[in-house]
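In what follows, chains carry the letters A, B, and so on, assigned in the order in which the sequence lines appear, proteins first and then strands, with residues in each chain numbered from 1.
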There are 2 protein chains.
Amino acid sequence: MATTEKATAADAASVSIQDVSRLSGLSEATLRYYEKIGLIAPVPRDESSGHRRYGGPAVETIQALGCLRATGMSVQDMRAYLRHLDGADGDAARMRALFERNAERVEQEIGHLRVRLRYLRLKADLWDARERGDAEAEHRSVEKITHTARELR
Amino acid sequence: MATTEKATAADAASVSIQDVSRLSGLSEATLRYYEKIGLIAPVPRDESSGHRRYGGPAVETIQALGCLRATGMSVQDMRAYLRHLDGADGDAARMRALFERNAERVEQEIGHLRVRLRYLRLKADLWDARERGDAEAEHRSVEKITHTARELR
DNA sequence: GGCTTGACCTCAAGCGCTTCATGTGTCCGA
DNA sequence: TCGGACACATGAAGCGCTTGAGGTCAAGCC
């Protein structure tokens with residue numbers, strides 16, 4: 001009876017920030033931050049407690065954002081993504097371009113990281129040689145490091 | 001003879017922040033920042049202009065830091081690196097551990113980036129399918145995306 | 001001598017969060 | 001009904017830089 005009203009309200013409203021955080025992979029702090037900067041629309045609050053209660057559609061949007069942000073996409077590009085979701089003319093092309101651009105970015109990052117990895121491994125070898133007092137190995141490491149350092153930029 | 005002193009001082013002092021930036025790959029702003037936070041020792045200044053003049057040893061240190069920071073090493077670890085450079089007992093082991101730890105970090109990052117790259121490529125495919133009005137390809141993309149999104153975390 | 005140009009300076013704000021301090025509202029068992 | 005525990009709330013500070021505003025100094029040109 002009296003519970004009916006409450007229950008209904010509770011159903012739609014029962015998605016807490018913690019729930020959304022788990023569903024999206026975004027931290028609670030990040031969710032508040034995204035709301036603050038207007039990437040996410042203002043989330044309605046529970047009357048008495050003032051806690052955020054997320055609606056179904058909002059949750060889905062945020063899950064998508066969680067994926068994008070996991071790819072390292074910038075907040076700016078996420079904004080663009082949301083703008084073009086509706087599907088107006090030419091939006092599909094813009095979206096494709098957006099993702100291709102980001103894919104290239106990640107590809108380059110991988111390339112850079114490979115060089116960095118090699119550098120770090122060589123440095124570890126160097127100190128390993130020093131630890132063992134192996135002057136010859138040390139010398140070889142130094143040479144390789146010098147060479148790799150150039151690629152590192 | 002009398003000139004020796006002056007010339008020596010001038011020689012050592014003529015390395016500007018721009019020079020060091022080029023040699024190390026660190027931006028001028030970053031060099032000032034590193035000095036401000038005490039990662040780099042205070043750099044002597046030109047008397048009249050107040051401009052920084054880097055000494056030879058400082059330049060070498062900074063070049064090394066440039067490599068480390070290019071690997072994504074944290075400022076904290078760079079501090080540790082500088083602390084253990086002198087070569088006291090046990091330092092070699094600490095250094096090796098430091099570099100191995102960072103190598104592992106980079107290796108993991110590469111793994112994550114690979115997943116992200118796949119995700120972004122699939123998203124590009126999806127919008128490409130939409131652009132072409134190919135409902136079937138769109139459907140296939142959606143499936144793959146759903147699957148990859150899980151790995152994305 | 002005045003003017004522009006560069007290279008440099010400092011200080012402050014911005015980025016995209018994370019972490020921390022501090023303060024409520026809700027619910028639970030004792 | 002008192003007192004915790006707990007999930008939230010806000011606001012400020014920190015991280016590692018980057019960007020921008022506003023100003024100084026030295027050198028070259030007319």
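The CZ atom of Arg53(B) sits 12 Å away from the P atom of dA7(C) (whole-angstrom rounding). Here dT10(C) presents its C1' atom at 12 Å from CD1 of Ile17(B), a figure rounded to the nearest Å. Following rounding to the nearest Å, His51(A) (NE2) and dC6(D) (P) show an atom-to-atom distance of 15 Å. Separating the CD atom of Gln18(B) from the C1' atom of dA7(C) is a distance of 7 Å, rounded to the nearest angstrom. Put simply, NZ on Lys36(B) is 13 Å from P on dT18(D), counting in whole angstrom units. Taking atom CD1 on Ile40(B) and atom P on dC17(D), their separation rounds to 11 Å, with Å as the unit. Rounding to whole angstrom units, CZ of residue Arg32(A) and P of dC8(D) are separated by 8 Å. Atoms CD (Glu35(B)) and C1' (dC17(D)) sit 16 Å apart, rounded to a whole Å.
Nearest nucleotide to the side chain of Arg45(A), out of dT10(D), dT10(C), dG25(C): dT10(D). Comparing atom distances between the Ser49(B) side chain and each of dC8(C), dC8(D), dC25(D) picks out dC25(D) as nearest.
Judged by distance alone, the side chain of Ser24(A) and the main-chain N or O of Val20(A) form a donor-acceptor pair under 3.5 Å. Of the possible polar contacts, none joining the Thr148(B) side chain to the Ile145(B) backbone as a donor-acceptor pair under 3.5 Å is found. Between the Glu35(A) side chain and the Ala41(A) main chain, no donor and acceptor come within less than 3.5 Å of each other.
The residue from Glu100(B), Glu104(B), Arg105(B) that alone fulfils the side chain to side chain contact (heavy atoms under 4.5 Å, CB included) condition with Asn102(B) is Arg105(B).
Side-chain atoms of Leu82(B) and Leu85(B), non-hydrogen and from C-beta on, do get closer than 4.5 Å to each other.
Ser21(B) and Asp19(B) are not linked by any side-chain donor-acceptor pair at a separation below 3.5 angstrom, with hydrogens and angles left out of the test.
For the pair Arg52(B) and dC8(C), the criterion of a side-chain N or O lying under 4.0 Å from OP1 or OP2 is not met. Close to dA7(D), at under 4.0 Å from its OP1 or OP2, lies no side-chain N or O of Ser16(A).
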Report summary line: B/S/- along nucleotides 16-22 of chain C (protein heavy atoms under 4.0 Å) is BBBB---

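Along DNA chain D, the nucleotide nearest Gly50(A) and the nucleotide nearest Gly50(B) are compared for position; the residue whose nucleotide lies closer to the 5' end is Gly50(A).
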Report task. Might you work through the salt bridge (charged side-chain N to carboxylate O under 4.0 Å, His left out) test for Arg116(A) and Glu109(B), ending with a clear yes or no? Result -> CA-CA 11 Å; Arg116(A) 292 169 193 182; Glu109(B) 272 179 53; 6.0 Å; no

